[in-house]
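See below for the structure under consideration.
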There are 2 protein chains.
Amino acid sequence: MSNPQSLPLIEPDSDAVVPCCPPLTERPFTVDEAETAARMFKALGDPVRVRLFSAVASHPGGEACVCDISDVGVSQPTVSHHLKKLKEAGLLTSERRGTWVYYRVEPSVLAAMGRLLTASASAGA
Amino acid sequence: MSNPQSLPLIEPDSDAVVPCCPPLTERPFTVDEAETAARMFKALGDPVRVRLFSAVASHPGGEACVCDISDVGVSQPTVSHHLKKLKEAGLLTSERRGTWVYYRVEPSVLAAMGRLLTASASAGA
DNA sequence: GCGCTGATTCGACAACTGTCTATGTTGACC
DNA sequence: GGTCAACATAGACAGTTGTCGAATCAGCGC
């Protein structure tokens with residue numbers, strides 16, 4: 001494979017979403033697709049994680065320091081644990097700036113999840 | 001069904017979605033909202049359930065008999081168990097017709113989930 | 001360097017989840 | 001009524017998950 005000009009083009013526009021899966025209604029998911037999709041949904045399958053994610057997503061500037069959002073009724077290590085899960089699922093990214101760690105929403109993954117569902121909804125017979 | 005006059009009016013237009021929660025980016029979710037949202041996401045947080053749901057959603061006519069979709073690599077009781085979970089989460093409804101039980105996608109819940117995410121995605125800073 | 005604050009990692013444990021086999025229920029057909 | 005097929009429920013069990021306290025790591029200011 002040595003065709004230097006025919007690299008698979010990655011869409012440069014911000015609309016590009018991770019090529020995860022077709023809409024849920026398009027066809028029965030394969031095992032791999034189902035595992036990918038389930039991993040993303042699972043990340044938002046816990047109330048504490050939903051609150052943390054929502055707190056980050058709704059924070060001015062689209063990012064939030066852990067200290068800004070850790071008032072969700074569980075201990076601080078537990079907050080850290082959930083943030084890690086959200087990061088592993090690709091929904092959040094983190095960056096250390098001095099003493100604090102800032103978390104930020106990963107829009108493309110969120111968009112991919114949304115398309116999975118909205119396309120389904122609009123296609124609902 | 002014989003009181004056609006005093007039924008609480010359900011919005012007849014197909015756009016009506018269950019009033020679950022605002023978009024994830026709008027504001028930090030309350031505890032109740034987070035639990036509602038998490039319950040829905042959790043339902044799609046298992047690969048087998050994603051495959052079952054996708055199989056129903058993509059089936060011609062928007063519904064499928066259990067026998068049509070139960071080839072997902074787990075035993076028949078396990079399929080039944082997962083379909084029950086999806087039903088409890090409000091994502092599917094079921095109806096017995098003779099020997100067979102047909103499952104059907106609940107579009108409003110799916111649309112609610114989609115709006116939760118797509119509004120977020122488009123609002124991504 | 002030292003202590004302080006913010007955040008993650010570790011180890012433990014109860015609770016939940018997914019899976020199975022065995023059994024029950026429901027309807028169709030003879 | 002008896003039998004068969006489709007689906008659901010019950011009980012058991014291993015693996016995973018959410019939670020905590022304790023310990024550790026990473027910067028900052030003195």
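Throughout, a chain's letter reflects where its sequence line sits, starting with A, and its residues are numbered from 1. Just the heavy atoms: all of them, side chains too, but no hydrogens, waters or symmetry mates, feed the values below.
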Between His82(A) and Leu52(A), which heavy-atom pair has the shortest distance, and what is it?
CB-CD1, 3.7 Å
Starting at atom CD of Glu95(A), determine the distance to atom P of dT8(C), rounded to an integer number of angstrom.
13 Å
Quick one: are Tyr103(A) and Thr93(A) in side-chain contact, heavy atoms under 4.5 Å?
no
Quick one: Trp100(A) CH2 to dT8(C) P, roughly how many Å, whole number?
14 Å
Between dG18(D) (P) and Leu52(A) (CG): distance, integer Å
12 Å
Could you tell me if the side chain of Glu26(A) sits less than 4.5 Å from the side chain of Ser58(B), heavy atoms only?
no
Kindly say if Tyr103(B) contacts the phosphate of dA8(D), meaning a side-chain N or O under 4.0 Å from OP1 or OP2.
yes
Send over the distance from Leu83(A) CG to dT19(D) P, rounded to a whole Å.
12 Å
Protein-nucleotide distance (Glu35(B), atom CD; dG18(D), atom P), rounded to Å
14 Å
State, yes or no, whether a side-chain contact exists between Glu95(B) and Val101(B) at a heavy-atom distance under 4.5 Å.
no
Taking all heavy atoms of Cys65(A) and all of Trp100(A), pick out the closest pair and write down the distance.
SG-CD1, 3.4 Å
Side chain to side chain contact (heavy atoms under 4.5 Å, CB included), that's the test. Do Leu44(B) and Leu117(A) meet it? Break it down for me.
CA-CA 11 Å; Leu44(B) 286 178; Leu117(A) 294 170; 4.2 Å; yes
Please check the phosphate of dG6(C) (OP1 and OP2 only) for any side-chain N or O of Tyr102(A) closer than 4.0 Å.
no
Using a cut-off of under 3.5 Å, enumerate the N/O to N/O pairs linking the protein to nucleotides 13-18 of chain C.
residue : atom : partner  : partner atom : Å
dT17(C) : OP1  : Lys42(B) : NZ           : 2.9
dG18(C) : OP1  : Arg49(B) : NH1          : 3.4
dG18(C) : OP1  : Arg49(B) : NH2          : 2.9
dG18(C) : OP2  : Arg49(B) : NH1          : 3.3
dG18(C) : OP2  : Lys85(B) : NZ           : 3.0

Can you find a side chain N or O atom of Lys84(A) that sits less than 4.0 Å from OP1 or OP2 on dT8(C)?
no
Length of the CZ-P vector between Arg39(A) and dT16(D), whole Å:
14 Å
For Glu33(B) and Cys21(B) the tightest heavy-atom approach is O-SG, 3.6 Å
In whole angstrom, what separates Leu92(A)'s CG from dA7(C)'s C1'?
15 Å
Of the listed nucleotides dA22(D), dA10(D), dC7(D), the one nearest the side chain of Pro77(A)
dA22(D)
Quick tally for nucleotides 25-30 of chain D: nucleotides whose base has a protein heavy atom under 4.0 Å get B, sugar-phosphate-only ones S, the rest -, giving -SSS--
Candidates dT8(C), dC7(D), dC20(D) - which lies nearest the side chain of Ser75(A):
dC20(D)
Taken to the nearest whole Å, CD/Gln76(B) to P/dT19(C) is 14 Å
Scanning both residues in full, the closest heavy-atom pair of Thr25(A) with Ala57(B) reads CG2-CB, 3.6 Å
For Arg27(A) versus Pro22(A), what's the shortest heavy-atom pair and its separation?
NH2-CG, 3.5 Å
